[in-house]
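Shown next, in structure tokens, is the structure this report addresses.
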Amino acid sequence: MEKYYVEVKAYPTIGILLLGGVSDNKKRLPRHTTAGIAYTGLDDDIYVKTDLYLSNQKSGIINGKEVSPDSPRSPFVVIDKYRHEILMRHPEYSEVSFVSENKNVISGSSDAGAAAIGECIQSIFEYNINIFNFENDLQQISESAGRSMFGGFTINHANGKESLTDEILGPEDFEDFVIVACKFSEDRKPSDTIHSNIINHEKYAERVKNSELRAKELEKMADSGDIKGIFEAGEKDTQEYHSMLREVGVSIITDEMQRLIEKVEELKAEFWNAYIVTGGTNVFVAVERKNMEKMKNAAMEFKCTPVYLKVAGKPDVISKN
Ligand code: MEV
């Protein structure tokens with residue numbers, strides 16, 4: 001590793017009010033208001049780890065592979081914007097480089113990757129960045145970067161032209177809950193398949209219109225500590241989102257995932273739960289901590305791997321010199 005560097009861990013995310021539709025392929029501003037949580041494993045063992053360092057040769061490595069600076073959504077989109085300011089302070093170097101690695105991430109890694117790069121830029125150079133613009137910069141890497149930047153439960157107010165994330169609750173507010181992530185082995189579809197198709201649904205405009213009102217309801221639930229209500233809103237939104245997606249020809253929920261969902265619904269008679277499906281082949285089932293094993297045992301009867309998750313916080317700076 002070159003001399004001057006910072007190492008950051010950031011946490012991946014799951015939608016609660018799911019994001020479908022972005023402004024365009026460059027800015028990637030969400031077309032409507034959304035909400036989500038950052039997550040990690042019970043031992044904090046799920047994250048994206050990123051090192052940003054100064055060098056004399058430009059290099060960007062994600063999960064062991066060199067990324068081209070020109071590829072869309074490349075972290076260099078953001079690094080290059082701040083490169084000059086950074087290097088002015090360290091004239092002995094000519095480039096800003098990075099290495100990023102996913103550790104056990106189930107889905108939502110690009111949010112964590114974007115937030116990790118952002119935290120590196122902010123922390124190593126103590127550069128006074130306008131946080132509102134900075135979130136929009138990071139959205140070019142991942143449309144829902146704000147969820148990971150702030151951690152906990154966040155609401156991103158957006159309309160395809162402007163976008164701003166509000167921190168609503170911290171991870172401590174979710175202590176009594178565990179999310180059992182049931183990972184299925186099928187490959188996921190790229191999120192852009194979702195974004196480019198859902199906007200063609202006849203009810204999309206209504207979904208956009210309702211999103212701000214739904215976010216207000218979530219805020220009220222957060223104010224009154226109604227965590228179950230928040231997850232239940234996620235389940236309701238999952239149902240709307242995936243039925244709209246199916247109707248425009250994008251099917252994320254496989255038959256086996258659907259069978260698990262039916263089991264989860266049956267289990268509601270025994271213990272409280274709420275499920276969420278985002279863009280990947282995973283069913284995230286929120287339960288009270290005391291029922292996590294029951295849920296895991298039920299999931300083991302399906303062709304999936306259950307993993308316990310908890311709500312995570314903001315990115316952490318691990319080391320810096
Ligand atoms: C990706 O931009 C958004 C989805 O993961 C849904 C969500 O988490 O809100 C597909």
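Each ligand, and each atom within it, is numbered from 1 in the order the structure gives. Bear in mind the structure is a predicted one, so any value in this text is a computation, not a measurement. Values below: all heavy atoms of this structure, side chains included; hydrogens, waters and symmetry mates excluded.
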Would you say Gly15 and ligand 1 have an N/O pair spaced under 3.5 Å apart?
yes
Measure from the side-chain N and O atoms of Tyr241 to the backbone N and O of Leu19, and report whether any donor-acceptor pair falls under 3.5 Å.
yes
Residue and atom name of the nearest protein heavy atom (relative to atom 3 (C) of ligand 1), distance in Å to one decimal
Leu19 O, 3.7 Å
Against heavy atoms of Glu143, which atoms of ligand 1 measure under 4.0 Å?
1 (C), 2 (O)
Can any side-chain N or O of Thr193 pair as donor or acceptor with the backbone N or O of Pro190 at less than 3.5 Å?
yes
Can you list the ligand 1 atoms lying under 4.0 Å from a non-hydrogen atom of Ile194?
10 (C)
Compute the centroid of each ring, for Tyr82 and then for Phe134, and state whether the two points are separated by less than 6.0 Å.
yes
Pro306 and side-chain contact (heavy atoms from CB on, under 4.5 Å): which partner among Lys296, Glu293, Lys183?
Lys296
Is the distance between the ring centroids of Phe76 and Phe98 less than 6.0 Å?
yes
Which residue holds the protein heavy atom closest to atom 6 (C) of ligand 1, what is that atom called, and what is the gap in Å?
Tyr241 OH, 3.6 Å
Pull out every atom of ligand 1 sitting under 4.0 Å from any heavy atom of Arg147, numbered as shown with elements.
7 (C), 8 (O), 9 (O)
Should Thr278 be counted as touching ligand 1, given the test is an N or O pair under 3.5 Å?
no
At a 4.0 Å threshold, what atoms of ligand 1 neighbour a non-hydrogen atom of Gly279?
5 (O), 10 (C)
Student check: side-chain heavy atoms of Lys236 and Leu17 closer than 4.5 Å
no
